[in-house]
Amino acid sequence: AKMFASRGRSKESGIHIGVELLNFPAVDVGLPEGCENVDLIPTSQDGNLEMITNFLQAALMLQQPFEKLLQGRKPDCLVADTFFHWATDAANKFRIPRLVFHGISYFSFCASECMSLYKPYKKFSDIKLTRNQVPDYVKQDAETNSTKLLKAIKEAELKSYGVVVNSFYELEATYADYYRNVLGKKSWHVGPVSLCSGKNIDKFERGNKSAIDEQECLEWLESKEPNSVLYICFGSRTNFTSSQLKEIAMALEASELQFIWVVRKQKNNEEEDDWLPEGFEKRMEGKGLIIRGWAPQVLILDHEAVGGFVTHCGWNSTLEGVCAGVPMVTWPAFAEQFYNEKLMGEFVERESIEKAVKEMMKGDKAEEMRNKAKALAEAAKKAVEKGGSSYSDLDALIEEISLRSH
Ligand SMILES: O=c1ccn([C@@H]2O[C@H](COP(=O)(O)OP(=O)(O)O[C@H]3O[C@H](CO)[C@@H](O)[C@H](O)[C@H]3O)[C@@H](O)[C@H]2O)c(=O)[nH]1
């Protein structure tokens, strides 16, 4: 689909991937014309599950054109994102294995699976997660479009050849083992996939078009001391209310830290934004940088000036924080983000924003946290290097598929 193509790799990366375009039928499912990225969907506190469901409905309509493509190309194997549940049937038609690609952690998987098997939130008001933190899609008893979709995804996964996970063994060994041995799922861990290229141009061009120029961003970071900048970003879909944003701004100012803060709101005109305290940007000049829209996250996180990350615990951001070796303040918003927070529990959890970020950047424990984060980053890098756990697992997967097809 076009949405994936537009998020493709740069020509300079040296990775050659042929891209075929399919039309994404956004308008047919009631989405605005051109709404081909999930982050173009207006968000709400629950992540706007209904709109997302419509979006996914449009993705389901890609089955037919996609099958035509398979017919012409005759691949050995089909790797499709978990949300394309029809991919299992499509692959079966052409007698090739379908692998599910998962964007979430083993830990979230095991937690979700156990939630639906044992429904502990019905019996206890407070388990390790509070009832409120259990994702809505798990708690829902009534059948809705979203629950139907999730059921279809699950069924397709059971019928598929196996699952490819964006994670690495050393990060969550217990849960990778549980997933394979107790839940009995065939899977390979191949992550962190964000480490596939270390080139700045690739880091810069990931995802959407950046709202800031690459040079400007790097120059800003270069003017700062190592580990002195706090990076704050809540992923592609969390939209905070104006009053919540104001709280964050006030906490940042009170913390006296240098920061890069990514906000999804755009500036309407040249006047000051109503969600910022009066005169905020002027006072923060040189000290704090607000990026309105899309930030080159990996480029920023990997810069030595960045010393801490306030994250909503989306799995990609969590992994990117791990790879960059930065301590994190966790602030989950919806979906399986509360699970990810539990997995990363060694890092600072949100108390008051100001207190938490100061503790992470400058407090007594800062050094200790930084060392732990660096050790995890080393493990992540080793995992994708030749002989590493993810490298070997990917090799094993390729070998298994090649043996099947020849
Ligand atoms: O300004 C931005 C904002 C985001 N990103 C990138 O976008 C991705 C965001 O992904 P993630 O951190 O996983 O957050 P969400 O976009 O919220 O991801 C959704 O999908 C994830 C699984 O793929 C789940 O773990 C989350 O809970 C769910 O909200 C990351 O790679 C970021 O580097 C940028 O580059 N610039």
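Below, all heavy atoms of this structure are taken into account, side chains as well, without hydrogens, waters or symmetry copies. Start at 1 and go down the list; that is how both ligands and their atoms are numbered.
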Engineer: Using a 4.0 Å cut-off to any heavy atom of C233, which atoms of ligand 1 qualify?
Structural biologist: 3 (C)
Engineer: With a 4.0 Å cut-off, would you call E400 and K186 a salt bridge?
Structural biologist: yes
Engineer: What protein heavy atom is closest to atom 29 (O) of ligand 1, reported as residue, atom name and distance in Å?
Structural biologist: Q337 NE2, 3.0 Å
Engineer: Measure the distance from atom 22 (C) of ligand 1 to every protein heavy atom, then report the residue, atom name and distance (to 0.1 Å) of the closest one.
Structural biologist: G103 O, 3.2 Å
Engineer: What is the closest protein heavy atom to atom 21 (C) of ligand 1, and at what distance does it sit?
Structural biologist: N316 ND2, 4.1 Å
Engineer: For atom 36 (N) of ligand 1, grab the closest protein heavy atom and report residue, atom and distance to one decimal in Å.
Structural biologist: A295 O, 2.7 Å
Engineer: Roughly how far apart are S112 OG and L183 CG, rounded to 0.5 Å?
Structural biologist: 10.5 Å
Engineer: Find all atoms of ligand 1 within a distance of less than 4.0 Å from any non-hydrogen atom belonging to V262, and give their numbers and elements.
Structural biologist: 1 (O)
Engineer: Within ligand 1, which atoms have a heavy atom of Q297 less than 4.0 Å away?
Structural biologist: 32 (C), 33 (O), 34 (C), 35 (O)
Engineer: Quick one: nearest non-hydrogen protein atom to atom 4 (C) of ligand 1, plus distance?
Structural biologist: W294 CH2, 3.4 Å
Engineer: Is atom 11 (P) of ligand 1 close to the protein, meaning a heavy atom under 4.0 Å from it?
Structural biologist: yes
Engineer: Is G293 close enough to touch ligand 1? Criterion: a residue heavy atom under 4.0 Å from a ligand atom.
Structural biologist: yes
Engineer: I need the nearest protein heavy-atom contact for atom 19 (C) of ligand 1: residue, atom name and distance, please.
Structural biologist: R237 NH1, 4.2 Å
Engineer: Side chain to side chain donor-acceptor pair (under 3.5 Å), that's the test. Do N340 and E336 meet it? Break it down for me.
Structural biologist: CA-CA 7 Å; N340 295 334; E336 36 50 278; 3.1 Å; yes
Engineer: What protein heavy atom is closest to atom 14 (O) of ligand 1, reported as residue, atom name and distance in Å?
Structural biologist: H312 NE2, 3.0 Å
Engineer: Report yes if the distance between the aromatic ring centroids of F240 and W275 is under 6.0 Å, otherwise no.
Structural biologist: no
Engineer: Would you please classify the geometry between the F309 ring and the Y231 ring as parallel, tilted or perpendicular, with 30° and 60° separating the classes?
Structural biologist: tilted
Engineer: Within a distance under 4.0 Å of any heavy atom of R206, pick out the atoms of ligand 1 and give their elements.
Structural biologist: 31 (O), 33 (O)
Engineer: Any carboxylate oxygen within less than 4.0 angstrom of a Lys/Arg side-chain nitrogen, looking at R180 and D393?
Structural biologist: yes
Engineer: Looking only at protein heavy atoms, which one is nearest to atom 26 (C) of ligand 1, and how far off is it?
Structural biologist: E336 OE1, 3.4 Å
Engineer: Which heavy-atom pair separates R98 from A156 by the least distance, and what is that distance?
Structural biologist: NH1-CB, 4.2 Å
Engineer: What I want to find out is whether K358 reaches E354 closely enough, with some N-O distance under 4.0 Å, to be called a salt bridge.
Structural biologist: yes
Engineer: Could you check whether any side-chain heavy atom of V163 comes within less than 4.5 Å of a side-chain heavy atom of Y179, counting everything from C-beta outward?
Structural biologist: yes
